[in-house]
Participant: 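I'd like to ask you about the structure that follows.
Just so you know, these numbers come straight off a predicted model, no measurement behind them. No hydrogens, no waters, no symmetry mates; every other heavy atom, side chains included, goes into these values.
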There are 2 protein chains.
Amino acid sequence: MNKFDAHILVVDDDDGIRELVKEYLSENNFLITTANSAEDAKEKISIIKFDLIVLDIMMPGKSGLEFTSENKNNINTPIILLTAKGESSERVKGLEVGADDYLPKPFEPKELVLRIKNILNKTKSKNIKRIIQFDNVKIDLNKLLIIQNKKEFKINRTEKTILEKMINAPGQTFSRESIGKIIDIEKERSIDVIITRLRKKIEINPKNPKYLQTIRGSGYVLWIE
Amino acid sequence: MNKFDAHILVVDDDDGIRELVKEYLSENNFLITTANSAEDAKEKISIIKFDLIVLDIMMPGKSGLEFTSENKNNINTPIILLTAKGESSERVKGLEVGADDYLPKPFEPKELVLRIKNILNKTKSKNIKRIIQFDNVKIDLNKLLIIQNKKEFKINRTEKTILEKMINAPGQTFSRESIGKIIDIEKERSIDVIITRLRKKIEINPKNPKYLQTIRGSGYVLWIE
DNA sequence: CTTAAATATAAAAATTCTTTCATTATTGGT
DNA sequence: ACCAATAATGAAAGAATTTTTATATTTAAG
């Protein structure tokens with residue numbers, strides 16, 4: 001939808017690092033705004049709502065720790081701290097005052113991108129998928145429909161609840177017990193039946209499931225993509 | 001309360017690392033159990049409920065990734081992966097399959113302790129309420145029970161789903177339409193009926209609701225506190 | 001105070017979902 | 001290849017939930 005994945009504020013007094021980070025993150029499809037001090041950052045967050053802040057701890061004037069401590073509770077934005085190598089006490093404090101993650105310097109840019117993406121994923125708990133498509137199958141949890149090779153199947157509440165979980169954790173195994181907990185069903189045999197029914201809707205060939213597979217001894221898994 | 005901060009399972013095929021980690025974490029007031037393979041770990045988690053799992057990615061037999069993927073959904077336990085330096089694709093996968101954090105090897109033990117503490121903190125404060133109490137009423141969504149003045153009522157899935165939403169947005173009005181969407185019910189009259197049933201369980205005097213009130217023309221609201 | 005619209009409620013009817021059961025198929029280990 | 005354990009499945013029984021119906025009650029407005 002948006003051209004950028006997220007809008008990130010990078011705060012560091014060191015021009016070199018700041019520009020390096022900016023460049024690297026930009027290449028990775030983030031929109032970057034920079035600030036060279038906590039005070040500068042403070043001003044910018046009062047104007048723009050960022051998706052995440054990358055913040056150097058050690059800066060002249062107000063430190064990254066102070067900034068985090070003062071602002072974390074007023075804004076909802078996740079913060080990643082850049083900390084000095086070895087100074088683990090800094091990191092402890094950082095997490096204590098509300099930072100979401102930290103990265104000891106010097107760091108690999110890749111690492112930063114990785115941690116950013118991870119946090120954005122977690123905080124964006126709103127990005128729960130409700131409509132997915134793969135091969136010739138479309139699952140629409142809003143309309144409670146599965147369309148498979150032009151055939152249309154209704155799904156019921158139970159099936160919806162299971163799919164909701166599985167779709168948002170593809171490749172992860174769900175034991176019968178855990179599925180039972182999700183949908184408040186007690187008997188494990190009932191879950192077999194529900195899976196059989198689901199397969200008839202999802203699978204081209206239900207007898208030889210491609211997507212909703214059995215993990216013998218463990219449970220079931222949804223493979224998409 | 002407990003003598004230890006948390007019970008942690010350390011999984012690594014390398015005896016040296018495993019023992020080193022164990023020793024260091026023990027010194028930091030964690031109770032440590034070890035496993036030397038994913039298979040071994042699997043057995044142990046079936047017996048003991050750990051607070052956290054530290055898991056090497058690269059192991060003979062089942063890899064840490066596979067273990068995470070297969071088990072993350074069935075246990076509720078946070079997982080920290082130990083990954084090879086440089087192998088950032090491993091880390092991406094790790095997070096994708098549900099790991100909560102990772103640490104590239106070689107790592108400083110201090111760093112591990114820090115990340116463990118951070119995760120334990122976060123997971124402790126999941127703020128979705130599932131058990132609440134007010135006046136003489138206790139609602140337990142886990143046990144699917146409402147206890148009101150020593151009377152005990154079962155609640156069904158529909159009721160649970162509605163309460164789940166309302167409890168976490170008290171004071172917010174829910175239109176019949178929005179309730180219907182939550183529980184996949186079409187007819188608005190049916191929702192009247194469901195509310196009536198709920199009131200019999202929650203309210204001391206269902207005819208004169210104190211908690212689950214009607215907002216004429218708009219819907220219903222749950223007032224607690 | 002009356003009235004019309006909205007809500008409440010009990011009970012029955014209709015529908016949907018869960019469980020059971022009997023049988024067959026598949027899988028992994030020896 | 002064989003065995004035992006696990007899983008799949010169709011059909012039917014059993015339970016539970018949703019919807020309808022019919023009637024009563026409450027509310028806001030004039």
Participant: Counting only pairs under 3.5 Å, give me each side-chain donor-acceptor contact of residues 17-25 of chain B, with atom names and distances, residues two or more places apart or in other chains.
Facilitator:
residue : atom : partner : partner atom : Å
B:Arg18 : NH1  : B:Asp12 : O            : 2.8
B:Arg18 : NH1  : B:Asp15 : OD1          : 3.3
B:Arg18 : NH2  : B:Asp15 : OD1          : 3.3

Participant: Look up atom CD1 in B:Ile8 and atom CD1 in B:Ile53, then write down how far apart they are to the nearest 0.5 Å.
Facilitator: 10.5 Å

Participant: Sequence neighbours excluded, which residues qualify as ring pair (Phe, Tyr, Trp, His ring centres under 6.0 Å) partners of A:Phe30?
Facilitator: none

Participant: Do you see a donor-acceptor pair shorter than 3.5 Å between the side chains of B:Asn36 and B:Asp13?
Facilitator: no

Participant: What distance separates A:Ile119 CD1 from B:Leu95 CG, expressed to the nearest 0.5 Å?
Facilitator: 10.5 Å

Participant: State which residues pass ring pair (Phe, Tyr, Trp, His ring centres under 6.0 Å) with B:Phe50; sequence neighbours excluded, sorted by chain then number.
Facilitator: B:His7

Participant: Which residues pass the salt bridge (charged side-chain N to carboxylate O under 4.0 Å, His left out) test with B:Lys201, sequence neighbours left out?
Facilitator: B:Glu159

Participant: Salt bridge check, B:Lys42 against B:Glu70: does any charged N sit closer than 4.0 Å to a carboxylate O?
Facilitator: no

Participant: Do B:Arg157 and A:Thr161 get their side chains close enough for a donor-acceptor pair, meaning under 3.5 Å?
Facilitator: no

Participant: Excluding sequence neighbours, so at least two apart, what forms side chain to side chain contact (heavy atoms under 4.5 Å, CB included) with A:Glu186?
Facilitator: none

Participant: Walk along DNA chain D from 5' to 3' and tell me the first and last nucleotide with an atom closer than 4.0 Å to a non-hydrogen atom of chain A.
Facilitator: D:dA5 to D:dT18

Participant: State which residues pass ring pair (Phe, Tyr, Trp, His ring centres under 6.0 Å) with A:Phe134; sequence neighbours excluded, sorted by chain then number.
Facilitator: A:Tyr211

Participant: Can you sort out the partners of B:Asn208 under side chain to side chain contact (heavy atoms under 4.5 Å, CB included), two or more places apart, ordered by chain and number?
Facilitator: B:Asn205

Participant: Which part of the nucleic acid, if any, lies within reach of B:Lys154 when heavy atoms closer than 4.0 Å are counted: base, sugar-phosphate only, or nothing?
Facilitator: nothing

Participant: Kindly say if B:Tyr220 contacts the phosphate of C:dA8, meaning a side-chain N or O under 4.0 Å from OP1 or OP2.
Facilitator: yes

Participant: Expected output is a numbered-order residue list: members of residues 137-148 of chain B with a heavy atom under 4.0 Å from any atom of DNA chain C. What is it?
Facilitator: none

Participant: Given axes from five pairs at either end, by how many degrees does the helix from C:dC1-D:dG30 to C:dT30-D:dA1 bend, rounded to 10°?
Facilitator: 50°

Participant: In this structure, how many angstroms lie between the P atom of C:dT7 and the CG atom of B:Asn208, rounded?
Facilitator: 17 Å

Participant: Enumerate the ring pair (Phe, Tyr, Trp, His ring centres under 6.0 Å) contacts for residues 66-113 of chain B, please, sequence neighbours excluded, ordered by first and then second residue.
Facilitator: none

Participant: Going 5' to 3' through nucleotides 12-26 of chain C, assign each nucleotide B (protein heavy atom under 4.0 Å from a base atom), S (under 4.0 Å only from sugar-phosphate atoms) or - (no protein heavy atom that close).
Facilitator: -----SBBB-----B

